[in-house]
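In what follows, every heavy atom counts, from backbone to side chain, and hydrogens, waters and symmetry copies are set aside. In the text below, chain A, chain B and the rest are named by the order of the sequence lines, each starting its count at 1. Only a predicted model underlies this, so the values are computations on that prediction, with no experimental measurement involved.
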Amino acid sequence: MQLGFPPTTPDLHSNIQRRSKSRFVGFVFLGGLEGAKASDLKSEISIFLILGDFSIMPTSWADSVANSAESGASNSGVSRPTRSSYVPPHLRNRPPSSDPPVAASSAPAPDNNRPGYGGAAPGGSRWGGPIRELGRSGFGGGGRGGGGGGGWNNRTGGWDRGREWEANPFEKDEKDEIEEQALGEQENTGINFDAYEDIPVETSGDNVPPPVNTFADIDLGDALNKNIQRCKYVKPTPVQRHTIPISLAGRDLMACAQTGSGKTAAFCFPIISGIMKGQVAQRPRGPRTVYPLALILSPTRELSCQIHEEARKFAYQTGVKVVVAYGGAPINQQLRELERGVDILVATPGRLVDLLERARVSLQMVRYLALDEADRMLDMGFEPQIRRIVEQMDMPPRGVRQTMLFSATFPKEIQRLASDFLSNYIFLAVGRVGSSTDLIVQRVEYVNESDKRSHLMDLLHAQRANGTHGKQSLTLVFVETKKGADSLEHWLCLNGFPATTIHGDRTQQEREQALRSFKSGITPILVATDVAARGLDIPHVAHVINFDLPNDIDDYVHRIGRTGRAGKTGLATAFFNENNSSLARSLADLMGEANQEVPAWLARYAARPSYGGGRNRRSGGGRFGGRDFRRDSTFGRGGSGGVDYYGRGNSGGGFTTSSGGYGGGYGPGVVSAWD
DNA sequence: AAAAAAC
């Protein structure tokens, strides 16, 4: 293997194959564009208003299309049922009739295999089927269809004209250039893409759509393709290659893929594309209630913000409106944003429940549901809230909506819970170049509780002496408790190390300020609780220190995944002592599989029968870090050989393991959108 | 046991 990885990595392929649980730790999916700034969005909006030729103020793409499409058929152009109504897909796109609105809950629940829906057509989107052609020629999607008529071509044409004078929206401005200067070349050269051939992929489920090799192979629509170009994504990442066709085919999905593998784009592209091409349903219009078509949930506010920013770039000039809602911030501003129209709502659970209770948001029209960090969303703390949102509000049931779950780690118990939300889903596990194995050097040191601070000080002094301290080498220190975070931050500052902290006891303003201050290098040390463990994309984190180790090995995986990103190497140091003995075995196993040096004392700990057991013990089986629990006989209906389908009443069964799929055609030397 | 997530 001629990878540019540390010499300790003998064979990436076999290495990944030996991995037995779902954990991939890797590098950043740097948007490549910090663009689509507020000013651009403003210009989008204003152009929209100028060119929008509608009888009422359009609030979003789909609303607008609906209005424009129905303006002839409907007497008032817009029907405003006082009561919100859910129109089942098979009744949509018909001239408005006097039929009473059908409530979601009472809608004839198609069986979960959704036979009659658009998705039944092979390869067709569940929602997009019949209208797709119309959508392309009539609505233009950016003018590919030539000069077809219709208001949308006018609008698109207008935007195209606008682009002559409008600055390239995704071009970095000077500030961004400076910020990203250091990344520059390294971003694109840190990865050997030939190694794509070695990325293992495992899928299971019925009729898994084959992966695509290029974005051009997928009909995402011109506007989205343009944004992909603006993002300088040349080639889909492995998770995108597999996820996008699955998603476009209307299938539910449980995907095991590292944050930073292009996951956000993997679920955003199909959603945006689907909304643009999908059937244009008349959304009900409560005076204050909005009806998003897609819902993306994530476990922390900062992660929701990050997803929102990313999604907004992808949706640029598509007319698809993305809004974020999370707690800790004034709700009024978020309400105003919502009132201006929302197609995709990105939210944290608490605030969403609030909005639902206030009836400011209804989930009746949700076609797409995506859970990021899905295993966290379904763990003990979150599960009731998520169930409430997904099962007990007005969201269409599984099988009617399309559901996609993503995480880097997917314990089997959580998979079982998650299957409640899914219908005949496909399980996807994508290994990757740049797992923890390759880019992150993991160290474990035995440090007694009372010695932790002085030991930390030693590390920091060494870093400072190394020059690995400051703007381009940030240090992220994880602690167990919020109090501990505050006191460690204080102590660091006292000792001459500019630090800040992020945890749930701080105000949202303080949290965001801390993150900014850390990212910019003003305080190159961030002391964090697990609030910062997942998903956050912070460039230049050179060192993750587990001052307090987590109790769960999966959390460890997520934490150290904050470094070793963007194709750079990273260092992860853990302070281990007697208190962490329950983690010993899983930690030793993980490190061993990652070809990390396992200290003899840790190996001895791990070998002690009383330690390392329990829930942290790793169940063998998965080669890639994720394995479909339906294939595990202990979770199935009993069958033998582990090939049993946990179907929950779904017909069909069996598996298609298309692991050969990764041979499916990564051309040699391809350039990818990986970073 | 702690963390996260609404007011």
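Residue A/Asp505 contributes atom CG, which lies 11 Å from atom C1' of B/dA2 at whole-angstrom precision. Look at NE2 on A/His503: it is 12 Å from P on B/dA5, rounded to the nearest Å. The distance from atom CZ of A/Arg360 to atom P of B/dA6 is 17 Å, rounded to the nearest whole Å. Straight-line distance from the CG atom of A/Asp530 to the C1' atom of B/dA5: 14 Å, rounded to whole Å. Regarding A/Asp375, its CG atom lies at a distance of 14 Å from the C1' atom of B/dA3, rounded to whole Å. B/dA4 atom P lies 11 Å from atom CZ of A/Phe478, rounded to whole Å. Across the protein-nucleic acid pair, A/Gln385 atom CD and B/dA3 atom P stand 17 Å apart, rounded to whole Å. Per the geometry, CE belonging to A/Met377 stands 14 Å off C1' belonging to B/dA3, to the nearest Å.
Between A/Arg301 and B/dA6 there is a side-chain polar atom (N or O) within less than 4.0 angstrom of OP1 or OP2. Between A/Thr481 and B/dA1 there is no side-chain polar atom (N or O) within less than 4.0 angstrom of OP1 or OP2. In terms of phosphate contacts, A/Thr348 brings a side-chain nitrogen or oxygen within less than 4.0 Å of OP1 or OP2 of B/dA6. For A/Arg511 and B/dA4, the shortest distance from a side-chain N or O to OP1 or OP2 is not below 4.0 Å.
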Would you check, one step at a time, whether the test ring-ring contact (aromatic ring centres under 6.0 Å, His included) holds for A/Phe427 with A/Phe629?
CA-CA 9 Å; A/Phe427 179 90; A/Phe629 88 106; 8.6 Å; no

Might you work through the side chain to side chain contact (heavy atoms under 4.5 Å, CB included) test for A/Arg360 and A/Val290, ending with a clear yes or no?
CA-CA 6 Å; A/Arg360 298 303 294 261; A/Val290 293; 6.0 Å; no

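Using a 4.0 Å cut-off between a side-chain N of Lys or Arg and a carboxylate O of Asp or Glu, A/Glu357 and A/Arg388 qualify as a salt bridge.
With hydrogens and angles ignored, the 3.5 Å screen pairs no side-chain donor or acceptor of A/Glu373 with any backbone N or O of A/Thr300.
A/Arg376 comes within 4.0 angstrom of nothing in the nucleic acid, heavy atoms only. Counting any heavy atom pair closer than 4.0 Å across all strands shown, A/Gly381 reaches a base atom.
Proximity of A/Leu297 to A/Thr348: side-chain heavy atoms (C-beta onward) are nowhere separated by under 4.5 Å.
A donor N or O paired with an acceptor N or O is found under 3.5 Å between the base of B/dA1 and the side-chain atoms of A/Asn551.
Under a cutoff of 6.0 Å and an axis angle of 45°, A/Arg608 and A/Tyr605 form a cation-pi pair.
Closest to the side chain of A/Lys482, from the set B/dA4, B/dA6, B/dA5, is B/dA4. Listed nucleotides B/dA1, B/dA5, B/dA3 differ in distance to A/Phe382; the shortest reach to its side chain belongs to B/dA5.
Against DNA chain B, the stretch residues 352-359 of chain A makes heavy-atom approaches under 4.0 Å through A/Asp354, A/Glu357.
Of the candidates A/Phe575, A/Phe478, A/Trp491, A/Phe576, A/Phe575 is the only one forming a ring pair (Phe, Tyr, Trp, His ring centres under 6.0 Å) with A/Phe547.
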